[in-house]
J.: 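Below is the structure I would like to discuss, written out as structure tokens.
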Amino acid sequence: MGILDRFEHGVERVVNTAFAKAFRSEVKPVELASALRREVDDRAAVVDRERTLVPNDFTIELSPTDYAQVVDWGAEALADELAANVTEHAAGQRYAFVGPVTVTFDEHDDLETGRFRVRSATARGAVAPATTAAPSARHPLVDIDGQRYLLTGPVTVIGRGSEADIIVDDPGVSRRHLEIRVTRDGVIATDLGSTNGLFVEGHQVPAATLLDGNTLTIGRTRIMFWTGEADAGPDE
């Protein structure tokens, strides 16, 4: 099954099969997904042999009719599916992001039904999808229940609340549970006064300087940490 096929199945799973039927004459979700993939490819910028940066912030401009249709069927659900599709495409091409992938919709009166525009930007954030398994001391990688993130900012907050940079669905995790700070002297994990504490390699600590391959535990959630400095990487 191809990336676009998986995207269509994802849309159906989120907003049911009637979603696609509603787009017989208007903009179709698969057209939006294809346009985002083209935008990523067209704006890919080679930084060095190991890194090609692409936009991570996308705005899709729609006609009033198409915009109303998207809102009726759940703009947030469709945006999430489109962001996931872009991330999967980037992983396949080994593109890199500097922040989280976001998709938003805007209504524009100058567009006719069935026509749309895509605008994109590179917006740095605290974390980015780990589309390439290439962590470094400057941009470490964390794996949280199978989801991998590159820490692209100097400070990353992990917690259950919406204000956290990485949101963990775990009732044992506080809203702002853990801070990971990247400094010149190392990467430091600090408990932010959580209810259940921070454990590094099984030992409860208020703070710790992390080493490549360390395991952190908050609530029932295990976090694997890599900088790529040890012989074994996250894919080995």
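Hydrogens, waters and symmetry mates are skipped; everything else that's a heavy atom, side chains included, is used. Along the sequence shown, the residues carry numbers beginning at 1.
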J.: Just verifying a value: how many Å separate I188 CD1 and T183 OG1, rounded to the nearest 0.5 Å?
T.: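 I188 CD1 to T183 OG1: 4.5 Å, rounded to 0.5 Å.
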J.: So, the side chain of D66 versus the backbone of G114: is there a donor-acceptor pair under 3.5 Å, distance only?
T.: yes
J.: How close do D170 and G219 get, heavy atom to heavy atom, and via which atoms?
T.: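 Looks like OD2-C, 3.8 Å.
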J.: Same cluster or not: Y95 versus V86, using hydrophobic residues (I, L, V, M, F, W, Y) connected whenever any side-chain heavy atoms lie under 4.5 Å apart?
T.: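 They do share one cluster, since a chain of ILVMFWY contacts under 4.5 Å joins Y95 to V86.
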J.: Report whether V187 and I166 are members of the same hydrophobic cluster (ILVMFWY, side-chain heavy atoms less than 4.5 Å apart, transitive linking).
T.: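 Yes, same cluster.
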J.: Mind listing the side-chain donor-acceptor pairs of residues 190-199 below 3.5 Å, one per line with the distance, residues two or more places apart or on another chain?
T.:
{"unit_1": "D191", "atom_1": "OD1", "unit_2": "G193", "atom_2": "N", "d": "3.3"}
{"unit_1": "D191", "atom_1": "OD1", "unit_2": "S194", "atom_2": "N", "d": "3.0"}
{"unit_1": "D191", "atom_1": "OD1", "unit_2": "S194", "atom_2": "OG", "d": "2.8"}
{"unit_1": "D191", "atom_1": "OD2", "unit_2": "S194", "atom_2": "OG", "d": "3.4"}
{"unit_1": "S194", "atom_1": "OG", "unit_2": "H177", "atom_2": "NE2", "d": "3.1"}
{"unit_1": "S194", "atom_1": "OG", "unit_2": "G197", "atom_2": "N", "d": "2.9"}
{"unit_1": "N196", "atom_1": "ND2", "unit_2": "G172", "atom_2": "O", "d": "2.7"}

J.: Donor-acceptor pairs under 3.5 angstrom involving side-chain atoms of residues 202-210: please list them, not counting sequence neighbours.
T.:
none

J.: To the nearest 0.5 Å, what is the distance between CZ (F58) and CG (L32)?
T.: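 Between atom CZ of F58 and atom CG of L32 there are 12.5 Å.
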J.: State whether the side chain of R43 and the backbone N or O of S120 hold a donor-acceptor pair below 3.5 Å, judged by distance alone.
T.: yes
J.: When rounded to the nearest 0.5 angstrom, what is the spacing between CD1 in I158 and CD1 in I223?
T.: 4.0 Å
J.: Do Y149 and V173 belong together in a cluster built from hydrophobic side chains that touch within less than 4.5 Å?
T.: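 Shared cluster, yes.
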J.: For D109 versus P64, what's the shortest heavy-atom pair and its separation?
T.: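 In terms of heavy atoms, the two residues are closest at OD1-CG, 3.5 Å.
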J.: Does any pair with a residue in residues 154-166 pass salt bridge (charged side-chain N to carboxylate O under 4.0 Å, His left out), and if so which ones, sequence neighbours excluded?
T.: E163-R175
J.: Does atom CD (E76) have a neighbourhood of more than 12 heavy atoms from anything else shown, all under 6.0 Å?
T.: no
J.: Test L178 against V157 for side-chain contact (heavy atoms from CB on, under 4.5 Å), laying out the working first.
T.: CA-CA 6 Å; L178 166 67; V157 173; over 6 Å; no
J.: Keeping T52 on the side-chain end and A44 on the backbone end, is there a donor-acceptor pair under 3.5 Å?
T.: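 Side chain of T52 to backbone of A44, a donor-acceptor pair under 3.5 Å: no, none is there.
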J.: For the residue pair L78 and W73, establish whether any side-chain heavy-atom pair is separated by less than 4.5 Å.
T.: no
J.: How close do F105 and Y67 get, counting heavy atoms only, and between which atoms?
T.: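 F105 and Y67 have their closest heavy atoms at O-CE1, 3.6 Å.
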J.: Pairs in or reaching into residues 176-189: which pass salt bridge (charged side-chain N to carboxylate O under 4.0 Å, His left out), with residues at least two apart or in two chains?
T.: E179-R181
J.: Hydrophobic clustering (ILVMFWY, side-chain heavy atoms < 4.5 Å, transitive) - are V200 and V168 grouped together?
T.: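 In one cluster: yes.
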J.: Looking at L62, is its backbone amide N or carbonyl O close enough to the side chain of E107 to form a donor-acceptor pair, meaning the two atoms are under 3.5 Å apart?
T.: no
J.: Are R124 and T152 side-chain neighbours, meaning at least one heavy-atom pair lies under 4.5 Å?
T.: yes
J.: Between OG1 of T215 and CE of M224, what distance do you get to the nearest 0.5 Å?
T.: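 Interatomic distance, T215 OG1 to M224 CE, rounded to 0.5 Å: 3.5 Å.
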J.: How would you list, by chain and number, every residue that makes a salt bridge (charged side-chain N to carboxylate O under 4.0 Å, His left out) with D72, sequence neighbours excluded?
T.: none
J.: Can you give me the closest heavy-atom contact between T122 and P55, atom names plus distance?
T.: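 Reported closest heavy-atom pair: OG1-CA, 3.8 Å.
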J.: Given 3.5 Å as the limit, does a donor-acceptor pair link the side chain of D57 with the main chain of A121, or not?
T.: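 Absent.
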J.: Check G228 against P135 and note the closest heavy-atom contact, atom names and distance.
T.: N-CG, 3.8 Å
J.: Please check if the side chain of N214 supplies one atom and the backbone of L211 the other of a donor-acceptor pair under 3.5 Å.
T.: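 Yes.
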J.: With sequence neighbours excluded, tell me which residues meet side-chain hydrogen bond (donor to acceptor under 3.5 Å, both in side chains) with R117.
T.: E61, D110
J.: With clusters defined by side-chain heavy atoms of hydrophobic residues (ILVMFWY) lying less than 4.5 Å apart, directly or transitively, does W226 cluster with I144?
T.: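 As far as the 4.5 Å side-chain criterion goes, W226 and I144 are not connected within one cluster.
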J.: Working to the nearest 0.5 Å, report the span between CG of N85 and CG of D80.
T.: 12.5 Å
J.: Write down the atom of P100, the atom of P129, and the distance for their closest heavy-atom approach.
T.: CA-CD, 4.2 Å
J.: If you round to the nearest 0.5 Å, how far is OG1 of T131 from CG of N56?
T.: 10.5 Å
